[in-house]
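Predicted model, so just to flag it, every value in this text is computed and none were measured. We name chains A, B, ... by the order of the sequence lines, and we start the count at 1 in each one.
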Number of protein chains: 2
Amino acid sequence: MTEYKLTHHDCPVTYTLSVLGGKWKWLIIYTLSGEGTLRYGELKRNLPGITHKMLSQELKGLEAEQLIDRKEYHQIPPKVEYSLTKKAQTLIPILDLMCDWGKTNWPKANPGC
Amino acid sequence: MTEYKLTHHDCPVTYTLSVLGGKWKWLIIYTLSGEGTLRYGELKRNLPGITHKMLSQELKGLEAEQLIDRKEYHQIPPKVEYSLTKKAQTLIPILDLMCDWGKTNWPKANPGC
DNA sequence: CAGTATCCCATAAGATACTG
DNA sequence: CAGTATCTTATGGGATACTG
């Protein structure tokens, strides 16, 4: 995760896209930005279509990038809470613009946000 | 291209990510935003690592989404120029924020932009 | 409940050759 | 020069079963 095999070596946009690449990372961060703190199962319910494998895999990657905090309560049954780090919070303005763009260019009527 | 098989049906962020998904679309738009108008070969030289197949494929997709204009000069040898549509230009603020984020969080020193 | 591990398949993406 | 077509390989991602 600390290796960035980019071709476009010195471009910050490429760097950002490499960190947030894949199908779900932006959406996981977006979901946590709206809900604050969520348990694993809650997060999954808020991301329709994501599979168990993808969610746990992406969460590990995001944690490694220090974009999410993982707080584990050592109890039975287990409880784990996820939230955004300060670093991830600086991505929220980008997500807000993506939301605006989506609403403006949405081919259907009246999307929520 | 007019079908959006999303799971997160009513989310504009998901919609935006579906339109700009894949490995190269954001970067193609970013490159054109900086250079204005580029021929096919110039575009390819400005996108280190992209293959012939990917560039032509992504250009077709972006044209179908009305994010780029394709102007063909009927001459020999052929000349084709690509530029951003107004719709794509509204994505530039997002790319600018991605650039800022990349510069701030870049693990190496002094990236260009 | 919150994960890991394994198997399998669909698609993304690369290499190469050919064409107007 | 600016593409298309074809073939192959690498990777992403799904389904399912198992564990602390």
Side-chain angles (χ1 to χ4, degrees), chain A residues 1 3-8 14 17-29 31-32 35 37-65 67-83, chain B residues 1 3-8 14 17-29 31-32 35 37-65 67-83:
Chain A
M1 274 299 174
E3 182 186 337
Y4 305 102
K5 37 179 176 176
L6 303 177
T7 49
H8 216 177
T14 304
L17 289 171
S18 75
V19 173
L20 279 305
K23 192 173 168 181
W24 293 104
K25 293 198 183 71
W26 286 109
L27 286 175
I28 290 171
I29 291 172
T31 301
L32 284 172
E35 303 291 336
T37 296
L38 288 175
R39 298 178 61 174
Y40 180 90
E42 296 171 327
L43 199 42
K44 189 165 189 309
R45 278 190 291 280
N46 277 280
L47 290 165
I50 199 169
T51 62
H52 195 29
K53 178 187 174 182
M54 286 310 299
L55 181 54
S56 52
Q57 182 178 298
E58 298 292 63
L59 286 173
K60 278 186 74 172
L62 290 168
E63 192 187 358
E65 290 283 357
L67 291 171
I68 58 173
D69 280 324
R70 179 179 183 280
K71 182 171 184 182
E72 183 173 359
Y73 296 82
H74 295 280
Q75 58 184 48
I76 295 190
K79 176 179 175 178
V80 179
E81 287 182 340
Y82 292 97
S83 58
Chain B
M1 274 297 176
E3 180 187 337
Y4 306 102
K5 37 179 176 175
L6 303 178
T7 50
H8 217 176
T14 305
L17 290 171
S18 75
V19 173
L20 279 304
K23 191 173 170 181
W24 293 105
K25 293 198 183 73
W26 286 109
L27 286 175
I28 290 170
I29 292 172
T31 301
L32 284 171
E35 304 292 335
T37 296
L38 289 175
R39 298 177 62 175
Y40 181 90
E42 296 172 326
L43 199 41
K44 189 166 188 308
R45 278 190 290 280
N46 276 279
L47 291 163
I50 198 168
T51 62
H52 196 28
K53 177 187 174 182
M54 285 311 297
L55 180 55
S56 52
Q57 180 178 299
E58 298 292 62
L59 286 173
K60 279 185 71 171
L62 289 169
E63 193 188 357
E65 291 281 359
L67 291 171
I68 58 173
D69 280 326
R70 178 180 184 280
K71 182 173 184 182
E72 183 172 0
Y73 297 83
H74 294 279
Q75 59 184 47
I76 295 190
K79 175 178 175 180
V80 180
E81 288 181 340
Y82 292 96
S83 58

Legend entry - Summary of salt bridge (charged side-chain N to carboxylate O under 4.0 Å, His left out) pairs that have at least one residue in residues 43-59 of chain A, sequence neighbours excluded: Lys25(A)-Glu58(A)
Inset, instruction - Measure the distance from CD on Glu58(B) to P on dG14(C) and round it to the nearest whole Å. - result: 10 Å
Legend entry - Within residues 68-81 of chain A: residues closer than 4.0 Å to DNA chain D (heavy atoms): Pro78(A)
Legend entry - Length of the CD-C1' vector between Gln57(A) and dT11(D), whole Å: 11 Å
Inset, instruction - Could you tell me whether the phosphate oxygens of dG14(D), OP1 or OP2, come under 4.0 Å of any side-chain nitrogen or oxygen in Lys23(A)? - result: yes
Inset, instruction - Might you point out which heavy atoms bring Leu32(A) and Ile68(A) nearest each other, and give the distance in Å? - result: CD1-CG2, 3.9 Å
Taking only N/O atoms, report every protein-nucleotides 5-9 of chain C pair under 3.5 Å with atom names and distance.
none

Legend entry - side-chain contact (heavy atoms from CB on, under 4.5 Å) between Leu43(A) and Tyr82(A), worked out: CA-CA 8 Å; Leu43(A) 199 42; Tyr82(A) 292 97; 4.3 Å; yes
Inset, instruction - With sequence neighbours excluded, tell me which residues meet side chain to side chain donor-acceptor pair (under 3.5 Å) with Glu81(A). - result: Tyr73(A)
Inset, instruction - Would you tell me if any nitrogen or oxygen in the side chain of Arg39(A) comes within less than 4.0 Å of OP1 or OP2 on dA2(C)? - result: yes
Legend entry - Any Tyr82(A) side-chain N or O less than 4.0 Å from OP1/OP2 of dG3(C): yes
Legend entry - Atom-to-atom span, CG of Leu38(A) to P of dC1(C) - whole angstrom: 15 Å
Inset, instruction - Please report how far the helix from dC1(C)-dG20(D) to dG20(C)-dC1(D) bends, comparing the axis fitted to its first five pairs with the axis fitted to its last five, to the nearest 10 degrees. - result: 50°
Legend entry - salt bridge (charged side-chain N to carboxylate O under 4.0 Å, His left out) partners of Arg70(A), counting only residues at least two apart: Glu72(A)
Inset, instruction - Calculate the interatomic distance between Ile50(A) atom CD1 and dA2(C) atom P; express it in whole Å. - result: 14 Å
Legend entry - Integer-rounded Å distance: dG3(D) P and Leu59(B) CG: 7 Å
Inset, instruction - Report which part of the nucleic acid Ser56(A) touches: base, sugar-phosphate, or nothing (heavy-atom distance under 4.0 Å, all strands). - result: base
Inset, instruction - Give the rounded distance in Å between these two atoms: NZ of Lys44(A) and P of dG14(D). - result: 10 Å
Legend entry - Distance below 4.0 Å between Tyr40(A) side-chain N/O and dT4(C) OP1 or OP2: no
Legend entry - Spacing between Leu55(A) atom CG and dT4(C) atom P, to the nearest angstrom: 11 Å
Inset, instruction - Could you tell me which residues satisfy side-chain contact (heavy atoms from CB on, under 4.5 Å) with Ser56(A), sequence neighbours excluded, listed by chain and number? - result: Tyr40(A)
Legend entry - d(CG, Leu47(A); C1', dG13(D)) in whole Å: 15 Å
